[in-house]
Amino acid sequence: MHYKMYDEMMEQPRSLKDTMEMEKSHMKEISEKFQEFDKIYLVGCGSSLSTCFSSKDAMNIVSNRDLEVFTGYEFFYHKKLREKNAGVILTSQSGETADTLAALRRAQDEGMYTVSIINESESTMMQESDDVVLTRCGRETAILGTKTYMTQLMCLYQTLFTLEDSSEAKNVLKDLKKIPNITQDLLKNSEEDNKTLAQQYADYDIFYCMGSGPNYGLSYKLAMTMFMEGALKHACPLYSGEFRHGLIERVEKNIPVIFLDADYPGDEFTRKSIEFSRKIGAKNIIYKMQDYTDINPLLAPFVLVVPLEWFIYYLAHYNNEDPGRTRHIGKVRY
Ligand SMILES: O=P(O)(O)OC[C@H]1O[C@](O)(CO)[C@@H](O)[C@@H]1O
């Protein structure tokens, strides 16, 4: 058993290093340009939307900047976009997703400056954006997104945190440089445990995924692309604080709930939910960033995604599915 996703996961450290090496000074120029905007829109779909959520929620912890996240068509149909003094960063690994392309064209119609973070140099978004950060991942076939997810997230963090002149932001950028090596270690060290875990959960059909701050974006990716597209399981993402406004009524004995924890202020609610679910007999699966590394907690999505990739990879495998294949997704197929 060896699926293409395996090779693509292994290419994550190299993709991160190559992209940083080739795009770092370009991203600095983009940050300088974005200093002139007092509103920044982040737009993407699926996995590429999740990187926007994580970056915005991480920035919200250290900055007062006005950032807003949209999925492609919500941006496209939004009546009241603030076009004056606004810049748009669009994320798309393919550079062809119809929704994101529509958002790009709408932004340009409104006279907004557009930068796309994409992985395909021949794509339409490459040609039509005002500027492009090209992630150097090589082609990605696994539909749920591994190396393009991480690399795109790195580019967003690098560009956005460079906007801030604070020690907190500098600390994030300093630790961001450690991510390629940490990823390398995690690929080695987190496989076995998550393989075993996946075997235990192979027959479960629904997974709730929750996190606070930047981990919400990862819980979104986990549910929407990793579980639903990769492992073909039902899943639902939520902010930890939302647990007691809905899931609290559905969590019951033997229901699997995945908690992402990085010790953020909002993880107060992650912990309360863990305790509640434990008492009720739910199957708590806890991924805590500090169990893996002690870098800046705002980088938790980079760290926690690797063990989760293994979990999903083997979950699909134990259900006789290829975690990288797609059934219905209507974007450019490779
Ligand atoms: O990043 P792209 O190429 O715009 O693709 C968006 C797509 O990403 C995915 O999350 C995973 O490929 C799909 O849900 C969605 O169609």
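Each ligand, and each atom within it, is numbered from 1 in the order the structure gives. These numbers come from the heavy atoms of this one structure, side chains and all, not from hydrogens, waters or symmetry mates. For this chain, numbers begin at 1 and follow the sequence in order.
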Numbered atoms and elements of ligand 1 in range of [X], under 4.0 angstrom, heavy atoms:
{"X": "S47", "result": "8 (O), 9 (C), 10 (O)"}
{"X": "T97", "result": "2 (P), 3 (O), 4 (O), 5 (O), 6 (C)"}
{"X": "T225", "result": "10 (O)"}
{"X": "S92", "result": "1 (O), 2 (P), 3 (O), 4 (O)"}
{"X": "S94", "result": "2 (P), 3 (O), 4 (O)"}
{"X": "E229", "result": "9 (C), 10 (O), 11 (C), 13 (C), 14 (O)"}

Notebook entry, point to check: Which residues pass the salt bridge (Lys or Arg N to Asp or Glu O under 4.0 Å) test with E36, sequence neighbours left out?
Noted result: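 Listed in chain order: K33.
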
Check: By salt bridge (Lys or Arg N to Asp or Glu O under 4.0 Å), which residues pair with D7, not counting sequence neighbours?
Finding: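 D7 satisfies salt bridge (Lys or Arg N to Asp or Glu O under 4.0 Å) with no residue once adjacent residues are dropped.
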
Notebook entry, point to check: Hey, is ligand 1 close enough to T100 that some N/O pair sits below 3.5 Å?
Noted result: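 T100 vs ligand 1: no N/O contact under 3.5 Å.
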
Margin query: Would L144 count as being in polar contact with ligand 1, using the rule that some N or O on each side must be under 3.5 angstrom apart?
Written below: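 In fact, backbone or side chain, L144 has no N or O that close.
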
Check: So F76 and Y73, would you call those rings parallel, tilted or perpendicular, with 30° and 60° as cut-offs?
Finding: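 F76 vs Y73 ring planes: perpendicular.
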
Checklist line | Per-residue contact class, M224 against ligand 1 - non-hydrogen pairs under 4.0 Å | finding: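 The answer is neither; M224 stays 4.0 Å or more away.
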
Check: When you look for heavy atoms under 4.0 Å from ligand 1, do you find them on the side chain of S48, its backbone, both, or neither?
Finding: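 Only the side chain of S48 comes within reach of ligand 1.
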
Margin query: One thing to verify: whether K170 and E168 come together as a salt bridge, which I'm taking to mean a side-chain N less than 4.0 angstrom from a carboxylate O.
Written below: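 Looking at E168 and K170, the cut-off is not met.
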
Next item on the list: Output yes when K233 and D203 qualify as a salt bridge under the 4.0 Å nitrogen-oxygen rule, no when they do not.
Entry: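 Answer for the salt bridge query: no.
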
Item checked: Partner of F227 by ring pair (Phe, Tyr, Trp, His ring centres under 6.0 Å), out of Y220, Y208, F207 ->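 Filter result, single survivor: F207.
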
Check: So, Y3 versus Y6, ring centres under 6.0 angstrom or not?
Finding: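 No.
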
Note to self: If the contact criterion is a heavy-atom separation under 4.0 Å, does G145 count as touching ligand 1?
What the structure shows: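 No; G145 lies far enough from ligand 1 that no heavy-atom distance drops under 4.0 Å.
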
Check: More than 12 heavy atoms of other residues, nucleotides or ligands under 6.0 Å from CG of D109: is that the case?
Finding: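 Enclosed: over 12 neighbouring heavy atoms sit under 6.0 Å from CG of D109.
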
